[in-house]
Amino acid sequence: MNMDPPGAAVLHPQPAGPRAGRWMAVALGLFLFLGPDSLPVTGQSEKPLPPPRNLTAQDSPNDSGGRITLRWEAPVEDRVFEGTLRYQILRATSQSGPFEPVDTVAAGEISAADGPGLRDGRPYWYQVVALRGESASVPITAGPVVPRGQWFHTGRINTLVAVLLLSALVLYFIERARRGGSIFIRRIAGLEAVDEAIGRATEMGRKILFIPGTQDLDNVQTLAGISILGRVARTTARYETALEVPVSRSLVMVACRETVKEAYLAEGRPSQYREDTIYYVTDDQFGYAAAMDGLMIREKPATIFMTGLFYAESLILAETGNSIGAIQIAGTAEASQLPFFVAACDYTLIGEELFLAGAYLSREPRQLGSLKGQDMGKAVILILLLVGILVQSAGWFDFASLFVVQ
Amino acid sequence: MIGIWLGAFLTLGIFSFLYKDNPVYKLCEAIFVGVSAGYWFVSLFWQNIWPKLVLNLRDASVHTFSGGGWDPRWIYLGAAVLGIMMLMRLFPKIGWISRWPLAFIVGSTAGLYFITYLQSNAMNQIHDTIIPLVASGPGSFFGLTLPFRVDWNGFFIFIGTFTGLVYFFFSVEHKKLAGSTARIGIFFLMVTFGASFGYTVMSRMSLLIGRMDFLFGDWLGLIR
């Protein structure tokens, strides 16, 4: 923040001595003799700076409050002194001041925002001053203006429409599914293989290793991974197969324990549930990967599930699992890690396939209805794409602007 | 000096896993896991509980009890209550209380990401895909002169988006037209994965180079 003091142009007159007086008399004589055009061009820096014009201050629209937007018109000198001129913004809580500097913006700018952090409902006054070097223009004032928060972001009405449309489609198909309407879901190899993979571990008498990603519970992919864990746990409870779930986040551990416990209860095998098979290792990405590598090599699980959000540890885990000959089912929506899972795992759930696993495995009508509703949402998007390309290519109007999210 | 030797020992210990599992790797793994778990515990305390909970509640109480009225930072008290509810798991008889904060996190996460993903993955993608594919004026295609200009980049983006979306249709059997379209979509996905694979492998190489630089430079002094 620049703290240059505002004010009128600053001049520094020197006290004139007798020698200076003589030189001034000579200069005056020359001026009268040669005319005013003879004066040397000293640059426009000695002109007083004109102030910016038409300053307006208004509450910033579509925000949660505490913010004010200022706009002004630049003086012509803005262009002349581009790069050296700047504008200082000052704020006061009363019309008479004192005005405190809050920001400085470069030449060419004709707007600025103050906040967030201003108190909603309180009036503010603003001044803008043009600055160049030590010189400053007279200030221009605007106000009072009162910051307020808005309940609705008018720049996101398109998102509201999309949410309502998608929700309506999902609710409609859920209701239809509840009334017994049949919903077709195509075969997904990775999910079809879940029972086969658990069966393999059961036959071999070895455990199943389940890794629900390496991120926390506030990630939707982790939630999707845990929903798959619920289905896997029901099957392992039925077949009495050992299941081990090492996690890298404490909250995920709690959620996994709840999920597995519920699955064992639902299968009528609560006595088989062992809480200590679901445990926390470390939050550290590569510390966790090192521990999983060691576990895979030593315990040699027959089946490994890796569903959730993974980053650089994905290939380390998948390659080690591959090296011990385990059947691996992976799933993530992290595009940069999918190639590694595709290369090193037997089955990979790509992107949205991970999110539909819960519905696919449970075949529960409400979840299937939700899935169908989402598919219809995609159909709407496909139609919009086709229509949009046509309209845009024909140049009828800017169809793409309907999808701008501010 | 001791730090460099220790770092080199741990690096070689972890690398020894490339040969096979061995006691040195087990030792390094245990140190890595133990130290990192402890580090994260301390880190989370000083980065979250202390500044976001303790300091905010302290400042809020100072503000309120010195006559400043309601302070929005009291909202952090809600987080403290949720955290305490989570600890109820330690008491089996009231352990069910810990499900409430879990439900809160899961529900709020789902609601929050619904909007975020709709904006970033749907609205923005649609906006960037809808571009004029043809324009007036002469164009060319592999040396052939066309009476109009075609935006080939836009065309491939549109085809990739459209067919990729068809692949992620789950309530339609992938046969006939839908099957062919989905196959083109999976082709686009695989090309993308291939490019991403190569790019990421290169970034992993830089990690390896970093370790080699440490071993041969900082430790052995062979690289200046």
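Chain A is the first sequence line, chain B the second, and so forth, proteins listed ahead of strands; every chain is numbered from 1.
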Taking the side chain as every heavy atom from C-beta outward, state whether A/Asp284 and B/Val35 have any pair of such atoms under 4.5 Å apart.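 Sidechains of B/Val35 and A/Asp284: no contact.
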
Kindly indicate whether the side chain of A/Glu258, heavy atoms from C-beta on, has any atom under 4.5 Å from the side chain of B/Arg89.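 Yes, at least one pair of side-chain atoms sits under 4.5 Å.
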
Is there a side-chain contact (heavy atoms from CB on, under 4.5 Å) between A/Leu385 and B/Ile130 once you walk through the steps? CA-CA 6 Å; A/Leu385 282 178; B/Ile130 298 176; 4.1 Å; yes

For chain A, which of B/Leu112, B/Leu133, B/Asp128, B/Thr161 has the most heavy-atom pairs under 4.5 Å?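 Option with the top pair count is B/Leu133.
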
Pick from [options]: which one has the most heavy-atom pairs with chain B under 4.5 Å?
options	result
A/Val220, A/Val254, A/Leu386, A/Leu223	A/Val254
A/Arg298, A/Gln374, A/Glu352	A/Arg298
A/Val387, A/Leu217, A/Asp375, A/Asp283	A/Asp375
A/Leu315, A/Leu251, A/Leu368	A/Leu251
A/Val281, A/Thr159, A/Leu382	A/Leu382
A/Leu371, A/Ile183, A/Asn158, A/Leu384	A/Asn158

Please name the pair of heavy atoms, one in [X] and one in [Y], separated by the smallest distance, quoted to 0.1 Å.
X	Y	result
A/Gln392	B/Ile131	CG-C, 3.9 Å
B/Phe169	A/Ala379	CZ-N, 3.5 Å
A/Val163	B/Leu118	CG2-CD2, 3.4 Å
A/Ala400	B/His127	O-CD2, 2.9 Å
B/Phe32	A/Gly287	CZ-N, 3.5 Å
B/Phe193	A/Leu338	CZ-CD1, 3.6 Å

Step through the shown structure and confirm whether more than 12 heavy atoms of other residues, nucleotides or ligands are within 6.0 Å of [atom1] on [X].
X	atom1	result
B/Phe45	CZ	yes
B/Ile75	CD1	no
B/Arg204	CZ	yes
B/Lys52	NZ	no
B/Trp74	CH2	yes
B/Tyr39	OH	no
B/Phe41	CZ	no
A/Glu262	CD	no

Straight-line distance of [X] [atom1] to [Y] [atom2], nearest 0.5 Å:
X	Y	atom1	atom2	answer
A/Tyr288	B/Trp40	OH	CH2	14.5 Å
B/Ile105	A/Thr222	CD1	OG1	12.0 Å
B/Met190	A/Ile350	CE	CD1	4.5 Å
B/Phe170	A/Ile185	CZ	CD1	8.5 Å
B/Phe197	A/Ser336	CZ	OG	12.5 Å
A/Phe399	B/Ile126	CZ	CD1	9.0 Å

Please output the residues of residues 11-23 of chain B in contact with chain A, using a heavy-atom cutoff of under 4.5 Å, in numerical order.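 Against chain A, the residues of residues 11-23 of chain B that fall inside the cut-off (heavy atoms, under 4.5 Å) are B/Phe17, B/Asp21.
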
Heavy-atom proximity to chain A below 4.5 Å, by part of [X]:
X	value
B/Ser108	neither
B/Leu44	side chain
B/Tyr113	side chain
B/Ser171	both

Heavy-atom proximity to chain B below 4.5 Å, by part of [X]:
X	value
A/Ala312	both
A/Gln406	neither
A/Asp293	both
A/Val342	side chain
A/Thr320	side chain
A/Phe286	both

With a 3.5 Å cut-off and no angle check, do the side chains of B/Tyr167 and A/Glu353 form a donor-acceptor pair?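 The answer is yes; a qualifying pair exists.
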
